[in-house]
Structure formats: structure tokens, C-alpha cells
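Structure first, commentary second.
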Amino acid sequence: MDGIIENIAPGKRFLLCLDEFERLQEVIAVINSRAPLNFLRHIIQDRNTWTLLFSGSHTLDEIETYWSDYLINTRSVRISYLETSEAAELIKYPVPEFPDIYLPETVERIIYWTRCQPFLVQLLCSELVEYLNRTYGQNSLNIKATPNHVDAIFDQALSVGRPYFNELWTNTLNQEQREYIRKLVKGEDIAVKEYKKIENKLIEKEIIKREEDKISFQVPLIERSIKQKIQE
């Protein structure tokens, strides 16, 4: 790639996006070499027309320490929830000329369950549209989606979104964090000093929140998926 693409498209700038960049650790472990990271560092430092975007679900203190040497010239940007107005816009107008199918309280219900998390917003909306089409057929465009319709598609949404929820539970959370959440769900005592570090990390990961002395989940739909996982 070095120099070849620049010759094909001279004068252009290039963006290389590496999603789940942490998985490169698996490659490094198999080949016993950091050559892929050396190559990426070369692009960052020496190829002025290139911008690299690393995205992942783990914070920098959770990945292998050798990453610090390769990310030294990068800038960390935290991506969080959409604003309420942005989520409402995504719900009502996912594509140009999308029909007006939502009651205002339905939009509020979707925002409540997803807390404006982009993937979850789109997951619920997609399943809601499918549900309306299946249920009402050709008359679906004349039907306004209600909060009850949203409630009716939870099980299907959790099933369709299972890869996302499995990834969250299995890879985004480590064993200690999963055990903390199990205790939280079961109502066991977690108000002890030894859990404070875990609690802070789960707040940083936007899984839980603390309001005064009460700990709860940040996203109701994620809470529902986790409780289902634990019950299984």
C-alpha cells in the first residue's frame, strides 16, 4: 500500500479506519511479531496524506502496554450517546422522505429504552418498522407507531441484536466486571471498598451510573439484555 495508492490518486487525502483495533493483539500473538503495528506507526509518522482512525470498545488502560509506543502521536476522542434532539432526528428521518409513522410519545419511549445510543436506536426502529409491516401489511403506512408497539418488539430486538449484546458481555466486560453486574442484578451487597474500582470502570464504560447512593444501569435496553443473559 505504501506509495501505491498515492500514485493512483495523486493529491488526495486518505482515511484508514480500523474498527475493533484491539483485535490486532490476536494477530501479534499468533505471528509473534509487532510488524503490523510498525507498519501503522510508519503511516502515522511518515505519510502526511494519511489519517488513521482506531475505534474500539476498550479504554487505553485495558489493552496491552506496548500499544502506548505505537499510539504516542494519536489523539484520544471519547464517543458517547447522541443528544436527545439528534436521536429524535435519527428516529423520525432515517432516510430522506421517510413517512411520518411515530407518535411523539413513541419517540420518547425509544429514547428512554436506548438512552440515545445510536446502534440501539436503529435496532429498535428497524424492528419496529418490520413489526408494523408484518402486522398491518399494506395498511402499515396508515398506522402510527405507539409505545405499545415498541414494547411488543423487545424480544425480537434482543434476538436480532444478540451479536452486539454478546460482544458487550463477553469482550467489553472482563470477568470482575461481569461478576459485579451479576451481584447488582441479584441485589447482593456491592457497597464495599473493594468494588469501587470496578464500579468506576463500569461508569466510564457507560454501563452503570451512580445517583447519590443508588447504582443502576445507564441504558434500560442493555439492562434488559444483561438480565436475560444472567437468567439463561
Side-chain angles (χ1 to χ4, degrees), residues 18-26 28-29 54-72 74-84 86-87 108-124 150-151 154-155 157-232:
L18 300 171
D19 192 20
E20 296 185 12
F21 74 95
E22 311 99 316
R23 296 294 177 87
L24 283 172
Q25 296 175 171
E26 300 172 14
I28 292 168
F54 299 85
S55 63
S57 59
H58 292 81
T59 53
L60 295 180
D61 61 318
E62 294 178 316
I63 58 179
E64 295 290 346
T65 56
Y66 58 69
W67 275 100
S68 61
D69 182 39
Y70 296 93
L71 299 178
I72 193 170
T74 63
R75 183 165 63 95
S76 178
V77 178
R78 183 178 181 84
I79 305 299
S80 186
Y81 307 111
L82 297 173
E83 296 294 332
T84 300
E86 295 170 334
E108 293 175 2
R109 183 67 63 92
I110 294 171
I111 287 174
Y112 164 77
W113 279 102
T114 64
R115 204 193 173 190
C116 302
Q117 203 271 21
F119 171 79
L120 297 180
V121 168
Q122 294 178 85
L123 174 64
L124 281 190
V150 177
D151 296 342
F154 279 135
D155 288 341
L158 291 175
S159 177
V160 172
R162 185 176 293 274
Y164 167 84
F165 295 115
N166 285 344
E167 172 70 15
L168 173 68
W169 180 255
T170 304
N171 293 321
T172 301
L173 304 176
N174 62 31
Q175 181 61 39
E176 286 185 335
Q177 293 162 358
R178 290 193 293 269
E179 185 58 31
Y180 177 101
I181 290 175
R182 286 192 181 95
K183 290 181 179 294
L184 176 63
V185 169
K186 295 178 180 179
E188 299 179 14
D189 185 18
I190 50 178
V192 292
K193 186 176 180 179
E194 65 180 283
Y195 291 117
K196 191 64 179 177
K197 183 177 180 180
I198 301 173
E199 176 187 312
N200 289 337
K201 178 56 68 173
L202 288 171
I203 292 173
E204 182 183 358
K205 287 175 176 284
E206 298 182 332
I207 303 298
I208 65 173
K209 60 183 177 181
R210 173 180 282 279
E211 296 174 329
E212 296 181 351
D213 293 330
K214 183 180 179 182
I215 301 172
S216 59
F217 287 88
Q218 290 197 27
V219 183
L221 191 59
I222 288 179
E223 176 182 6
R224 185 165 179 148
S225 74
I226 286 177
K227 287 182 175 179
Q228 184 182 81
K229 171 78 67 178
I230 292 174
Q231 289 172 356
E232 292 174 352

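In this chain, numbering begins with 1 at the start of the sequence shown.
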Short side-chain donor-acceptor distance under 3.5 Å, Glu22 and Trp67
no
Residue list, salt bridge (charged side-chain N to carboxylate O under 4.0 Å, His left out) with Lys229, at least two apart or on another chain
none
Please name the pair of heavy atoms, one in Pro220 and one in Trp113, separated by the smallest distance, quoted to 0.1 Å.
CB-CE3, 3.4 Å
Heavy-atom side-chain contact between Tyr81 and Glu206 under 4.5 Å
yes
Out of curiosity, Ile79 CD1 to Ser57 OG, how far, rounded to the nearest 0.5 Å?
13.5 Å
My understanding is that only residues two or more places apart in sequence, or in another chain, count here; which of them pass side chain to side chain donor-acceptor pair (under 3.5 Å) with Thr170?
none
Applying salt bridge (charged side-chain N to carboxylate O under 4.0 Å, His left out), which residue pairs with at least one partner in residues 165-182 are found, sequence neighbours left out?
Arg23-Glu167, Glu179-Arg182
Looking at CD1 of Ile181 and CG of Leu202, how far apart are the two atoms once the value is rounded to the nearest 0.5 Å?
5.0 Å
Working for side-chain contact (heavy atoms from CB on, under 4.5 Å), residues Gln122 and Thr114
CA-CA 9 Å; Gln122 294 178 85; Thr114 64; over 6 Å; no
So do Thr172 and Tyr164 actually touch side chain to side chain, heavy atoms under 4.5 Å?
no
For the pair Gln25 (side chain) and Glu64 (backbone), establish whether a donor and an acceptor sit closer than 3.5 Å, ignoring hydrogens and angles.
yes
Heavy-atom check, side chain of Arg109 versus side chain of Leu124, under 4.5 Å
no
Please report the shortest heavy-atom distance between Ser225 and Leu158, naming the atom on each side.
CB-CD2, 3.7 Å
Hey, what do you get for CD1 (Ile208) to CD1 (Ile215), rounding to the nearest 0.5 Å?
5.5 Å
The reported gap from CD1 in Ile110 to CG in Leu120 (rounded to nearest 0.5 angstrom) is 11.5 Å
Minimum heavy-atom separation for Val185 to Lys227, with atom names?
CG1-CG, 3.9 Å
Would you give the length of the straight line joining atom CD of Gln177 to atom CG of Leu184, rounded to the nearest 0.5 angstrom?
13.0 Å
Side-chain contact, heavy-atom cut-off 4.5 Å: Phe165 with Leu123?
yes
For Lys214, does its backbone N or O pair with a side-chain atom of Glu212 as donor and acceptor, under 3.5 Å?
no
Starting at CD of Glu62, measure out to NZ of Lys205 and round the result to the nearest 0.5 Å.
3.5 Å
Contact check, side chains of Trp169 and Ile230, non-hydrogen atoms, under 4.5 Å
yes
Counting only heavy atoms from other residues, nucleotides and ligands, does the tally under 6.0 Å from CD of Glu83 exceed 12?
no
